[in-house]
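Written below as structure tokens is the structure these notes are about.
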Amino acid sequence: MMETDFIPIDYDYFDFQGRNYAKIIGRNNKGKRICIIDSCPVYFWVILKDNLKQKKIKTLLEKIKKIKLDIKGRQTKVENVELHDKNYLGKKVKALKIFATNYKDLHDIADKLGMPEIEKRRGYDLGFITHYIIEKKLNPLSWYKISGEVLNNSEEFGGIDMNLDVDFCIKLESATKILKTEFNPKILCYDIETDDLKIGGGEILMVSLVSDDFKKVITWKKSPHTKLNYVEYVKDEAELLERFVEYVRAISPDFLVGYFSDGFDLPYLKARADKYHVKLSLGLDNSQPKFRRGRVLTGKINGIVHIDLLKFIQTAYSQYMQSETLSLNEVSKEFLNDNKKDFAIKHSSKLDEKDWKEYFEYNLHDSVLTYNLFQKFWPDIIEFTRIMQEPVFDVSRNGMSNNVEDYIIHNLNRFNEIPEKHPTHDEIGKRRQIKKYEGAFVFEPIPGLYEDIVVFDFTSSYGSVIVTYNLSKSTLLQKQEKNSHHIKISEKDVYFSKIPGFFPEMLKEIIEKRKTYKKELKNKPDAIKRARSNAFKLLANASYGYQGFFGARYYCREAAAATAAFARDAIKNTISKINKEKYETIYSDTDSIAFLIKNKSKSETLKFLKKLNDKLPGIMELELEGFFKRGLWVTKRTGSVGAKKKYALLGEDKRIKIRGFETVRRDWCKLARTVQNKVIREVLFSGNEGAALEYVKEVIKNIKQRKINKGDLIIKTQLKKPLSEYKAISPHVIAARKMQEKEIPISQGNLVEYYIAETEGKKKLVRDKVKLPNEKDKYNIQYYLERQILPAIENIFQIFDVNIKEIIEGKKQTTLKDF
DNA sequence: GAAGTGGATATACC
DNA sequence: ACTGGTATATCCACTTC
């Protein structure tokens with residue numbers, strides 16, 4: 001017997017004598033690596049039809065108990081059946097808990113249960129690991145005091161411990177959660193460099209490895225005069241792969257971390273290893289990485305958690321980021337104030353001695369950046385994992401719909417709720433065909449420059465609507481009941497029960513937790529509290545989208561549509577109250593309202609806010625976003641009506657908030673963006689257009705005199721699909737084609753860069769003037785004046801009756817005909 | 001072949 | 001396919017005369 005602390009990190013399972021066993025790799029408090037083997041009862045649920053007689057249930061129960069199956073060479077049987085009172089989608093039901101030998105057989109057993117007494121079969125599609133975590137409450141990345149029998153080269157479980165590179169293998173007897181939270185995992189970051197970006201398409205020139213006090217670049221590209229202490233030379237590419245495996249095994253990290261490594265580094269290493277018949281035995285059981293095809297690849301290593309940091313950052317942080325791409329370079333700049341080493345990658349055949357040295361440094365630094373980013377995001381990764389209660393391998397890759405669903409699945413037991421099944425492929429197809437429902441309300445602003453503006457917004461708007469009106473799949477009523485919530489969705493009446501459903505209840509907890517942690521964070525900030533607060537915020541925000549998401553177990557279009565409808569009512573109602581109070585609403589989008597304070601004072605306005613709040617139903621709450629000195633709204637390019645989702649505000653702290661304008665759009669050239677930004681700032685600070693106009697005239701002059709750097713004229717557009725799938729051949733498609741011709745790697749998801757050149761001849765289309773940044777040509781003066789600068793600033797000056805078009809044309813040296 | 005319009009596409013807001 | 005709908009803007013593709 002052995003007792004120790006234990007933190008579960010990586011989850012796997014295996015079958016032994018027909019039963020499932022969880023195989024969980026983790027550490028103890030002394031840093032020893034431990035594998036625990038454990039089993040749990042395996043079962044699913046059968047929901048019985050209403051009003052079945054006790055005797056009939058008994059007969060059915062006995063009948064089911066006798067079921068035996070021999071499938072796929074595996075003998076399995078129903079081991080026990082129990083009758084329970086459960087909840088299922090808002091209904092109290094009688095349900096049979098059907099225990100079986102093997103989790104993988106649950107589906108087949110369920111298929112045998114087509115009896116007329118049975119209404120539904122549920123809970124066989126969670127996956128064994130999820131089922132195990134729910135059953136045994138052995139949550140990922142939480143500390144436990146465990147005890148069990150040490151397996152030492154034991155024949156038990158077919159000698160599973162013999163080939164496992166761990167300090168102890170324990171057959172678990174008991175596990176109790178303990179208070180300890182701190183965990184500093186051993187991490188190893190890696191990055192490869194190749195000549196060809198196609199997976200396995202070229203040689204791996206080098207691989208860098210970075211851990212605590214460990215920095216290494218392994219290469220087989222000899223460069224005898226370069227003496228860098230971290231560079232290790234090996235004979236050839238095959239030996240590089242072997243050495244890589246040796247280092248990973250020697251360092252034996254908890255996490256092997258890369259950046260875009262699911263889609264590049266790991267599959268590349270595997271492909272090259274296959275080519276040379278080198279075993280990439282990275283797993284603690286000596287297994288090779290396994291890849292799963294999804295929308296993108298994922299690479300799994302047994303016992304060591306492979307993390308692709310890019311994926312985690314995408315779900316947990318991209319919505320707050322300033323970076324225009326999620327490239328390692330930009331993300332490092334934003335979060336680490338560091339960047340990739342400056343090195344223009346060339347084909348290895350064209351590298352000289354100095355280049356190689358820089359290449360090694362570059363390669364090493366990529367792993368250093370990944371290492372530092374991991375440290376930065378570790379609090380978020382651990383909090384996400386603890387909250388969703390799924391293995392960190394999955395949580396670090398999941399999108400927010402998955403996170404919402406994981407949270408729900410792992411909290412159902414508190415509501416005595418039987419899990420809903422995952423929609424079938426057909427069902428998903430049907431859901432996707434249903435047309436959109438009406439969403440948020442957006443107020444059409446009257447263009448102008450306004451002074452003294454107040455902004456109110458609803459806290460967790462959609463979340464608080466869902467909770468307040470109890471909107472979910474399980475609370476949706478088939479027909480009107482007295483004392484229910486009612487709303488119209490495209491002329492159809494929909495009703496929701498007032499008896500709290502588990503989904504709104506869970507969401508209520510999420511919103512409350514978010515509030516608590518936000519407060520705690522404010523009192524005494526630290527990374528863990530920030531991460532926790534953020535995780536609950538994201539969960540709350542994604543819950544609305546989840547109910548409208550076609551892939552959701554708890555999909556409910558009516559609930560999603562009702563959420564938007566109730567929110568529309570709430571905001572419109574508030575707007576009219578604001579206007580009735582002699583304020584003047586100038587803008588509103590979804591959950592926020594901007595209005596003029598007029599002759600009222602701030603304290604009066606805050607009192608008014610309190611009054612509004614007193615009247616709001618349920619947990620709905622309006623809060624002050626801020627007081628603003630000035631605000632700018634412009635017209636749309638076509639017509640004279642005010643543009644929605646486009647405005648700029650000057651705060652009392654002199655901070656400027658710009659939304660929707662070209663300034664914040666990455667598909668406009670830098671020149672247009674900076675010029676517009678400067679114009680907006682000048683106008684907001686001064687309250688008039690004078691200085692901005694002088695500045696613009698200067699810029700126009702500079703453009704005409706060709707004084708603008710080409711770098712400021714580059715337009716960047718993302719290639720959102722494979723090049724061959726484009727129906728409309730727009731400028732960025734032409735640019736991408738040009739890149740392909742020049743064998744510059746370009747693929748879906750990449751940003752394409754180009755500029756518009758003069759180009760001789762009568763060509764009319766913009767795409768005919770596209771040039772790549774390194775193609776020498778004169779920039780097209782007319783294009784940049786009329787298609788970049790003019791659209792960016794025209795509407796702003798229009799507010800002051802200044803016609804920029806005339807200013808551009810008035811001093812123009814070329815005529816319209818030339819364009 | 002010019003003018004007008006709708007569709008395709010990218011990106012932002014909340 | 002991997003949370004939802006609302007909105008702006010550009011440029012191409014196509015129709016029409």
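Note: hydrogens, waters and symmetry copies are ignored here, and every other heavy atom, side chains too, is used. This is a predicted model, so every value here is computed, not measured. Lettering follows sequence order; numbering is per chain, from 1.
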Inset, instruction - For A:F661, report the nucleic acid contact type (base, sugar-phosphate, nothing); a contact means any heavy atom under 4.0 Å. - result: nothing

Inset, instruction - Would you indicate what A:Y647 reaches in the nucleic acid, counting non-hydrogen atoms under 4.0 angstrom: base, sugar-phosphate, or nothing? - result: sugar-phosphate

Legend entry - Among B:dT9, B:dC14, C:dG4, the one nearest A:A728 by side-chain distance: B:dT9

Legend entry - Cationic N near anionic O, under 4.0 Å, A:R431 to A:E427: yes

Legend entry - Sugar-phosphate only, base, or nothing, as touched by A:G439 at under 4.0 Å among non-hydrogen atoms: sugar-phosphate

Inset, instruction - Answer yes or no: is there an ion pair linking A:K515 with A:E621, defined by an N-O contact shorter than 4.0 Å? - result: yes

Inset, instruction - For A:A440, report the nucleic acid contact type (base, sugar-phosphate, nothing); a contact means any heavy atom under 4.0 Å. - result: sugar-phosphate

Inset, instruction - Mark yes or no: A:R397 above the aromatic ring of A:F393, with NZ or CZ under 6.0 Å from the six-membered ring centre and no more than 45 degrees from the axis. - result: yes

Inset, instruction - For nucleotides C:dT3 and B:dG7, find the distance between their P atoms and express it as a whole number of Å. - result: 28 Å

Legend entry - Touch class at under 4.0 angstrom, heavy-atom based, for A:Y462 against every strand present: nothing

Inset, instruction - Check every atom of C:dC11, C:dG5, C:dA9 against the side chain of A:Y437 and return the nucleotide holding the closest atom. - result: C:dG5

Inset, instruction - Tell me which nucleotide among C:dC2, C:dT10, C:dA7 gets nearest to the side chain of A:F549. - result: C:dC2

Inset, instruction - Measure from NZ or CZ of A:K738 to the centre of the six-membered ring of A:Y754, then state whether that distance is under 6.0 Å and the direction lies within 45° of the axis. - result: no

Inset, instruction - For A:E438, report the nucleic acid contact type (base, sugar-phosphate, nothing); a contact means any heavy atom under 4.0 Å. - result: sugar-phosphate

Inset, instruction - Look at the side chain of A:K727 and decide which nucleotide, out of C:dC12, B:dA10, B:dA8, has an atom nearest to it. - result: B:dA8

Inset, instruction - Tell whether A:R665 reaches the base of B:dT11 with its side chain through a donor-acceptor pair below 3.5 angstrom. - result: yes

Inset, instruction - Write down the distance separating the P atoms in B:dT9 and C:dA1, rounded off to the nearest Å. - result: 16 Å

Legend entry - Side chains of A:M400 and A:N541 in contact at under 4.5 Å (non-hydrogen atoms): no

Inset, instruction - Using whole Å, report how far CG of A:D667 lies from P of B:dA12. - result: 7 Å

